[in-house]
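Written out below as structure tokens is the structure these notes cover.
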Amino acid sequence: MFRITLLALLCTSAYANAIQARSSSYNGEYGGGGGERFSHSGNQMDGPITAIRVRVNRHFIVGLQVRYGKVWSDYVGGTWGDMEEIFLHPGESVIQVSGKYKYYLRKLVFVTDKGRYLPFGTDKGTSFNAVPLYPNTVLRFISGRSGALINAIGLHWDTYPSGC
């Protein structure tokens, strides 16, 4: 009887630790079906998101580039349109991303934990609103599909390692 009780306690403890360890979540893809896949999953090792560049024209989100720590990701998307750039304050993180899309991404709005609202693009299309599934998690990296425009975007959330 003692062995069964001990085994039950060990299993319960392992299960509770597995539940507590969950912190990553994903939203997306939002947008159309074309383009080549891209992912910044490796860039998150350079540090937290510290800046975002978005190329826009009057109808679409044309291109994206994200700075992780002090390193810029590869630029994805097309070359026509105006480049807009925002820098996050030290210790500031993105906690919500919303936007609009039809066949391509048309609008992106980044919301930070410091209450800043950072909009890019045109207010037309189907709306989406992405937030992390778990508390105390932030935007870690983006993925999606692009060609001459940003076709679709995916948003990946997690906590940061304690050293960041």
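- Here the side chain of R145 pairs no donor or acceptor atom with the backbone of I150 at under 3.5 angstrom.
- Nearest heavy-atom pair across A152 and E29 is CB-OE1, 3.9 Å.
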*Please lay out, stage by stage, how V94 and L88 fare under the test side chain to side chain contact (heavy atoms under 4.5 Å, CB included).*
CA-CA 9 Å; V94 174; L88 299 183; 4.2 Å; yes
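- Under a 3.5 Å cut-off, the side chain of S98 and the backbone N or O of N129 do not form any donor-acceptor pair.
- More than 12 non-hydrogen atoms from other residues, nucleotides or ligands lie less than 6.0 angstrom from CE of M83.
- Looking at every heavy atom in both residues, Y75 comes nearest to G63 through OH-CA, 3.2 Å.
- I153 is connected to V66 through a chain of hydrophobic side-chain contacts under 4.5 Å among Ile, Leu, Val, Met, Phe, Trp and Tyr, so both are in one cluster.
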*Please assess V76 against Q65 for the test side chain to side chain contact (heavy atoms under 4.5 Å, CB included), listing each intermediate value before the final yes or no.*
CA-CA 7 Å; V76 294; Q65 190 175 28; over 6 Å; no
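- If you run side-chain contact (heavy atoms from CB on, under 4.5 Å) between S73 and each of Y68, F141, F38, only Y68 comes through.
- Here M45 contributes atom CE and H40 contributes atom NE2; the two are 16.0 Å apart, rounded to the nearest 0.5 Å.
- The backbone N or O of S93 sits less than 3.5 Å from a side-chain atom of D113, completing a donor-acceptor pair.
- Under a hydrophobic clustering in which Ile, Leu, Val, Met, Phe, Trp and Tyr are joined whenever their side-chain heavy atoms come within less than 4.5 Å, directly or via other members, Y26 and V97 fall into different clusters.
- Closest approach of P119 to E84, counting heavy atoms only: O-OE1, 4.4 Å.
- Residue pairs satisfying the salt bridge (charged side-chain N to carboxylate O under 4.0 Å, His left out) criterion with at least one member in residues 52-81, sequence neighbours excluded, are listed as follows: R53-E85.
- To the nearest 0.5 angstrom, R140 atom CZ is 11.5 Å from N43 atom CG.
- Pairing each heavy atom of P132 with each of S25, the nearest pair is CA-OG, 3.7 Å.
- Looking at N27 and L133, their side chains never come closer than 4.5 Å, going by heavy atoms from C-beta outward.
- Residues L155 and V138 fall within the same hydrophobic cluster, defined by Ile, Leu, Val, Met, Phe, Trp and Tyr side chains chained together at heavy-atom separations under 4.5 Å.
- Clustering ILVMFWY residues whenever any of their side-chain heavy atoms sit less than 4.5 angstrom apart, transitively, puts L105 in a cluster other than the one holding V62.
- For the side-chain contact (heavy atoms from CB on, under 4.5 Å) criterion with L118, the lone passing option out of L108, T112, I52 is T112.
- Distance check: W72 CH2 to D46 CG gives 12.5 Å after rounding to the nearest 0.5 Å.
- Annotation: ring-ring contact (aromatic ring centres under 6.0 Å, His included) contacts involving residues 96-121, sequence neighbours excluded, comprise F60-Y104.
- V56 and G121 make their closest contact through CG1-N, 4.0 Å (heavy atoms, listed as atom of the first residue, atom of the second, distance).
- No donor-acceptor pair closer than 3.5 Å links the side chain of S24 to the backbone N or O of D158.
- V131 and I142 fall into different hydrophobic clusters, where Ile, Leu, Val, Met, Phe, Trp and Tyr residues are linked whenever their side-chain heavy atoms come under 4.5 Å apart, directly or through other members.
- Atom NZ of residue K107 and atom OG1 of residue T126 lie 14.0 Å apart, to the nearest 0.5 angstrom.
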_Checking H156 against S143 for the side-chain hydrogen bond (donor to acceptor under 3.5 Å, both in side chains) test, could you report, in this order, the C-alpha distance in whole Å, the side-chain angles of both residues, the deciding distance, and whether it holds?_
CA-CA 8 Å; H156 302 261; S143 63; 2.8 Å; yes
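- Atom NZ of K102 and atom OG1 of T122 lie 14.0 Å apart (nearest 0.5 Å).
- Separating the CZ atom in R106 from the CG atom in N57 is a distance of 9.5 Å, to the nearest 0.5 Å.
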